[in-house]
Amino acid sequence: MNDVYFQKLEEIQKNEFIKAAIDCVGAGVVITDPEQEDNPMIYCNRGFEELTGYHSEEILGRNCRFLQGEETSSKVVSKIKAGLEDYHPVFVEIRNYRKDGTPFWNELQIFPVFIENMDQTYFVGVQRDVTKRREQEDLMGHYLNEVKRLSTPIVPVEDDISILPLIGTVDDDRIHDMLETVSHHVKETKEDYMIMDMSAIHSYNEAIHMGIYQLYQLLKLMGTQLIITGVKPSLAMQSTPYANFSDLQLKTYTTVKQALKAIR
Ligand SMILES: Cc1cc2nc3c(=O)[nH]c(=O)nc-3n(C[C@H](O)[C@H](O)[C@H](O)COP(=O)(O)O)c2cc1C
């Protein structure tokens with residue numbers, strides 16, 4: 001046995017060692033060869049087989065787009081294509097499909113890797129199933145929308161009057177949501193009066209102050225009069241550092257009951 005034999009054996013053992021190590025990675029790993037027609041896959045690890053349900057023999061030689069399907073965004077595919085054309089790394093989340101047709105969210109990273117002794121660049125792709133995280137994010141978005149909706153409860157009391165009770169912490173974001181919800185509501189109902197009740201508010205701030213001003217202007221443009229109720233003396237005291245609203249014809253009452261009586 002000569003030196004070349006031992007060198008080759010060492011090379012094979014090294015490759016086997018690296019292959020075994022990559023198989024242990026808790027993610028899909030593939031290598032593609034862009035010098036061949038349609039950039040086919042020339043290697044995939046066990047993680048990729050487990051993730052997609054395909055066996056390597058069925059898929060080696062094919063372009064990875066076979067994982068795409070009906071819900072795959074063409075925008076994301078174009079982003080990958082553009083990145084690969086420029087030999088830039090790509091990082092996307094893409095809707096893919098397993099062999100049995102079940103969809104999953106694939107967090108895909110692609111890196112161009114130059115292999116010196118082959119004088120060629122290959123692409124290495126790493127795939128992770130992030131379906132659970134995406135589902136949690138979607139659920140969270142749904143709940144946030146629900147909270148947003150519930151935090152501006154508009155209560156119609158008569159044909160032309162609604163009450164908007166202000167509750168909880170009020171900041172710029174909430175004021176923004178409130179203005180949006182109120183303008184939608186008034187556009188639909190074309191009410192004459194909107195009563196904003198502040199009896200559940202314990203501390204006054206700039207967001208509330210500016211919110212009242214903006215709401216007043218918005219409703220005026222839409223032909224609805226804003227009435228404020230429930231301003232406690234402590235709240236009125238806290239509002240003194242802010243610009244006064246003497247130029248607005250803003251009506252205020254101690255209670256909603258009094259406001260309704262005055263309107264009628
Ligand atoms: C290394 C590598 C791994 C890839 N892995 C995936 C993958 O897991 N899922 C997928 O939808 N596309 C994957 N792609 C992208 C597609 O192979 C293809 O490049 C993409 O669909 C854009 O080209 P096309 O518009 O010709 O289809 C991978 C590409 C490379 C180079």
Side-chain angles (χ1 to χ4, degrees), residues 12-150 177:
I12 290 166
Q13 279 170 343
K14 213 162 71 189
N15 279 344
E16 285 303 311
F17 172 72
I18 291 170
K19 243 181 96 224
I22 295 178
D23 273 339
C24 291
V25 175
V29 177
V30 304
I31 301 174
T32 69
D33 181 357
E35 297 224 338
Q36 287 187 49
E37 173 74 24
D38 204 25
N39 195 10
M41 195 165 28
I42 56 167
Y43 167 80
C44 74
N45 74 340
R46 202 183 303 149
F48 186 83
E49 292 179 324
E50 285 165 4
L51 175 68
T52 63
Y54 290 97
H55 201 270
S56 62
E57 283 126 46
E58 310 172 69
I59 46 176
L60 289 182
R62 292 171 69 183
N63 182 292
C64 293
R65 77 172 74 80
F66 68 86
L67 292 170
Q68 298 163 13
E70 209 183 324
E71 288 173 21
T72 306
S73 150
S74 51
K75 232 177 170 176
V76 174
V77 172
S78 303
K79 189 175 167 192
I80 302 174
K81 197 173 176 169
L84 298 184
E85 268 166 15
D86 294 338
Y87 281 77
H88 283 157
V90 174
F91 186 37
V92 291
E93 279 180 18
I94 188 164
R95 195 73 163 151
N96 275 171
Y97 294 81
R98 292 180 230 283
K99 187 179 176 182
D100 66 6
T102 51
F104 67 101
W105 280 105
N106 181 357
E107 183 194 79
L108 170 65
Q109 290 173 283
I110 305 173
F111 309 95
V113 178
F114 182 71
I115 307 291
E116 216 166 272
N117 62 4
M118 287 167 149
D119 193 26
Q120 201 204 311
T121 298
Y122 292 85
F123 285 113
V124 175
V126 180
Q127 289 91 355
R128 278 192 188 84
D129 184 352
V130 291
T131 312
K132 273 211 178 91
R133 199 204 70 213
R134 288 286 295 230
E135 282 170 358
Q136 276 162 0
E137 280 170 7
D138 288 350
L139 205 63
M140 186 70 112
H142 167 76
Y143 284 136
L144 282 176
N145 273 338
E146 211 41 23
V147 167
K148 217 160 109 174
R149 197 176 62 77
L150 294 172
D177 294 343

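Computed from a predicted structure; not experimentally measured. Start at 1 with the first residue, then count along the sequence.
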For Glu37, does the CD atom have more than 12 heavy-atom neighbours from other residues, nucleotides or ligands under 6.0 Å away?
no
Starting at CZ of Phe104, measure out to CG of Asn96 and round the result to the nearest 0.5 Å.
4.5 Å
Heavy atoms only: give me the nearest Lys99-Gly53 pair and the separation to one decimal.
CD-O, 3.5 Å
Check: Gln120 and Ile115 side chains under 4.5 Å, non-hydrogen atoms
no
Specify the closest pair of heavy atoms between Glu107 and Glu93, including all atoms of both residues, with the distance to one decimal.
CA-CG, 4.2 Å
Gap separating the CD atom of Glu16 from the CG atom of Asp23, nearest 0.5 angstrom
10.0 Å
Report yes if some heavy atom in the side chain of Met140 is under 4.5 Å from a heavy atom in the side chain of Gln136; otherwise report no.
no
Is a donor on one side and an acceptor on the other found under 3.5 Å between the side chain of Tyr43 and the backbone of Val29?
no
Would you say Met41 and Phe66 make side-chain contact, with heavy atoms under 4.5 Å?
yes
Say whether, by atom type as modelled, one donor and one acceptor occur between the side chain of Thr121 and the main chain of Phe114 under 3.5 angstrom.
no
Would you find a donor on one side and an acceptor on the other, under 3.5 Å apart, between the side chain of Asp38 and the backbone of Pro40?
no
Neighbour count >12 (heavy atoms, 6.0 Å) for atom CZ, Arg95
yes
Tyr87-Phe123 aromatic ring centre distance below 6.0 Å:
yes
Under 3.5 Å: donor-acceptor pair, side chain of Asn45, backbone of Ala27:
yes
Looking only at heavy atoms, which two atoms of His55 and Glu58 are closest? And how far apart?
N-OE2, 2.7 Å
Distance from Lys79 atom NZ to Ile94 atom CD1, nearest 0.5 Å?
10.5 Å
If you compare all heavy atoms of Val124 against all heavy atoms of Ile31, which two are closest, and at what distance to 0.1 Å?
CG2-CG1, 4.3 Å
Quick check: closest heavy atoms across Cys44 and Ile59, and the distance to 0.1 Å?
SG-CD1, 4.2 Å
Spacing of CD1 belonging to Ile42 relative to CG belonging to Leu60, to within rounding of 0.5 Å
9.0 Å
Here the pair of heavy atoms bringing Tyr54 nearest to Leu67 is CE1-CD2, 4.1 Å
To the nearest 0.5 Å, atom SG of Cys64 lies from atom CD1 of Ile110 at 7.5 Å
Tell me whether Thr102 contacts the main-chain N or O of Arg98 through its side chain, where contact means a donor paired with an acceptor under 3.5 Å.
no
Would you compute the distance between atom CG of Asp129 and atom CD of Glu50 and round it to the nearest 0.5 angstrom?
12.0 Å
Donor-acceptor check, side chain of Glu49 to backbone of Ser56, threshold 3.5 angstrom: yes or no?
yes
I want to check something: taking the side chain as every heavy atom from C-beta on, are Tyr97 and Glu70 in contact at a cut-off of under 4.5 Å?
yes
